[in-house]
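Just so you know, these numbers come straight off a predicted model, no measurement behind them. We name chains A, B, ... by the order of the sequence lines, and we start the count at 1 in each one.
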Number of protein chains: 2
Amino acid sequence: MNATLTALAEPNRLRIVELLRDRPRPVGEIARRLRLRQPQVSKHLRVLSDAGLVDVRPVAQQRIYELRAEPFNELDTWLETFRRSMSDRMDRLEDLISERKAKKEREKERGD
Amino acid sequence: MNATLTALAEPNRLRIVELLRDRPRPVGEIARRLRLRQPQVSKHLRVLSDAGLVDVRPVAQQRIYELRAEPFNELDTWLETFRRSMSDRMDRLEDLISERKAKKEREKERGD
DNA sequence: CTTGAATATGCCTTGACAGGTATATTCTCC
DNA sequence: GGAGAATATACCTGTCAAGGCATATTCAAG
């Protein structure tokens, strides 16, 4: 989870991931499209690979990188828990707004 | 998007966010629960705030921090595009075109 | 087996950032 | 208005990671 977020937090890495979203690509093509130098692309791909975000498939001297689904699914699952609790809180907020504001003192569950 | 990921990539910040998922909390409580020093918590909350992940609400000398829904929704939208393209690729790989059609129709009935 | 293409890796430098500590700020209450 | 709680900020320091560049590695083809 944290590895996934760390890997995606780097701007150029995010660009690489978004490029790979369309289709698998060899290193050189990624470098050319994103105007990055080949060594940095290789390094970023190494990080992405270590984080389990991409898989490599060798074809001749080329290495085709492609996204793996699992980390994204995990991220989605994690997000789900937030969606739930936050919409709950939203509902509560909307209740407060549409009903009465004077009842704000009901928030006494400061129970730590 | 990148700001969100960068903010979440830091381990202690992630812990804070997960703590706030349950309910809004004041700084001191966060520090105590996560066994972090108060200044570091304030700094992390500053980063989270700048990234738009949290809102602050002053109550006396306390500051109650709570999650904002928007960044998480955006993350979810972003993730959606990956889910789509990656499952598409899967489908192509499995070559189950007609099966997929039936599946989609079933999903439509469910409201997707 | 030499050459050249595609890619990975090692080394260096630099900037960003997190933690530690002290201090400033803001508020309540007496 | 003085004391103390809750929080923010300033400054310093060490660490880590990204870019630049040179070089190693691997492979295909002649």
Side-chain angles (χ1 to χ4, degrees), chain A residues 1-20 23-68 104-105 107-112, chain B residues 1-20 23-68:
Chain A
M1 180 78 265
N2 209 300
T4 301
L5 290 170
T6 303
L8 293 176
E10 211 284 326
N12 284 325
R13 232 139 44 202
L14 190 61
R15 293 172 68 205
I16 291 177
V17 166
E18 285 176 336
L19 190 58
L20 291 181
R23 67 167 83 147
R25 300 184 194 272
V27 179
E29 184 185 335
I30 299 174
R32 182 162 32 81
R33 283 186 179 263
L34 301 185
R35 314 233 170 179
L36 298 174
R37 312 193 183 251
Q38 176 266 317
Q40 335 302 338
V41 173
S42 284
K43 288 177 195 173
H44 283 312
L45 287 168
R46 179 83 147 96
V47 175
L48 291 173
S49 178
D50 287 348
L53 281 163
V54 298
D55 264 348
V56 206
R57 164 174 39 122
V59 172
Q61 337 88 299
Q62 296 194 137
R63 304 227 173 175
I64 315 293
Y65 283 83
E66 65 181 329
L67 292 185
R68 274 167 37 87
K104 249 187 349 184
E105 298 178 4
E107 301 177 357
K108 295 183 71 175
E109 33 183 357
R110 190 73 28 82
D112 199 20
Chain B
M1 178 79 265
N2 209 302
T4 300
L5 290 171
T6 302
L8 293 176
E10 210 284 326
N12 283 325
R13 232 137 48 202
L14 190 62
R15 293 172 68 205
I16 291 177
V17 166
E18 285 177 336
L19 190 58
L20 292 181
R23 67 165 86 151
R25 300 184 195 270
V27 179
E29 184 185 334
I30 299 174
R32 183 160 32 82
R33 282 188 179 263
L34 302 185
R35 315 234 169 177
L36 298 174
R37 314 194 182 249
Q38 175 266 317
Q40 334 303 337
V41 173
S42 283
K43 288 178 198 171
H44 283 311
L45 287 168
R46 178 82 149 96
V47 175
L48 291 173
S49 177
D50 287 349
L53 280 164
V54 298
D55 265 349
V56 206
R57 161 174 44 119
V59 172
Q61 336 90 298
Q62 295 195 137
R63 303 227 172 175
I64 314 292
Y65 283 83
E66 66 181 330
L67 290 185
R68 274 168 35 87

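Computed from coordinates, the Q40(A) CD to dT14(C) C1' distance equals 14 Å when rounded to whole Å. Remark: C1' of dT21(C) and NZ of K43(B) are 9 Å apart, rounded to the nearest angstrom. Here dA16(C) presents its P atom at 15 Å from CZ of R13(B), a figure rounded to the nearest Å. For I30(A) and dA8(C), the CD1 to C1' distance is 14 Å, given to the nearest whole Å. Put simply, CZ on R37(A) is 9 Å from C1' on dC21(D), counting in whole angstrom units.
A side-chain donor-acceptor contact under 3.5 Å links R68(A) to the backbone of G52(A). Listed for the R13(A) side chain is a donor-acceptor partner under 3.5 Å among the backbone atoms of A7(A).
P58(B) comes within 4.0 angstrom of nothing in the nucleic acid, heavy atoms only. Residue R32(A) is out of contact with every strand shown, counting any heavy-atom pair closer than 4.0 Å.
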Could you list the protein-to-nucleotides 4-7 of chain C atom pairs, N/O on both sides, closer than 3.5 Å?
residue, atom, partner, partner atom, Å
dT7(C), OP1, V27(A), N, 3.2
dT7(C), OP1, R63(A), N, 3.4
dT7(C), OP2, G28(A), N, 2.6

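Residue P39(B) is the one, among A60(A) and P39(B), whose nearest nucleotide of DNA chain D lies closer to the 5' end (criterion: closest heavy atom).
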Side chain to side chain contact (heavy atoms under 4.5 Å, CB included) between I30(A) and H44(A), worked out: CA-CA 11 Å; I30(A) 299 174; H44(A) 283 312; over 6 Å; no
Residues L67(A), V17(A); criterion side chain to side chain contact (heavy atoms under 4.5 Å, CB included); working and verdict: CA-CA 7 Å; L67(A) 292 185; V17(A) 166; 4.1 Å; yes
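Non-hydrogen atoms lying under 4.0 Å from DNA chain D are contributed by E10(A), N12(A), all within residues 1-12 of chain A. A heavy atom closer than 4.0 Å to some atom of DNA chain C occurs in H44(B), these being the qualifying members of residues 44-54 of chain B.
Note that the CG atom of L45(B) and the CD atom of Q38(B) stand 10.0 Å from one another [nearest 0.5 Å]. The line from OG1 of T6(B) to CE of M1(B) is 9.5 Å long, rounded to the nearest 0.5 Å. Atom CZ of R25(A) is separated from atom CZ of R32(A) by 9.5 Å, given to the nearest 0.5 angstrom. How far CD of E10(A) is from CG of N2(B): 8.0 Å, rounded to the nearest 0.5 Å. Remark: D50(B) CG to R46(B) CZ distance equals 4.5 Å, nearest 0.5 Å. Separation of atoms CG (L5(A)) and OG1 (T4(B)) is listed at 10.5 Å; rounding is to 0.5 Å.
Between L34(B) and V41(B) there is no side-chain heavy-atom pair separated by less than 4.5 Å.
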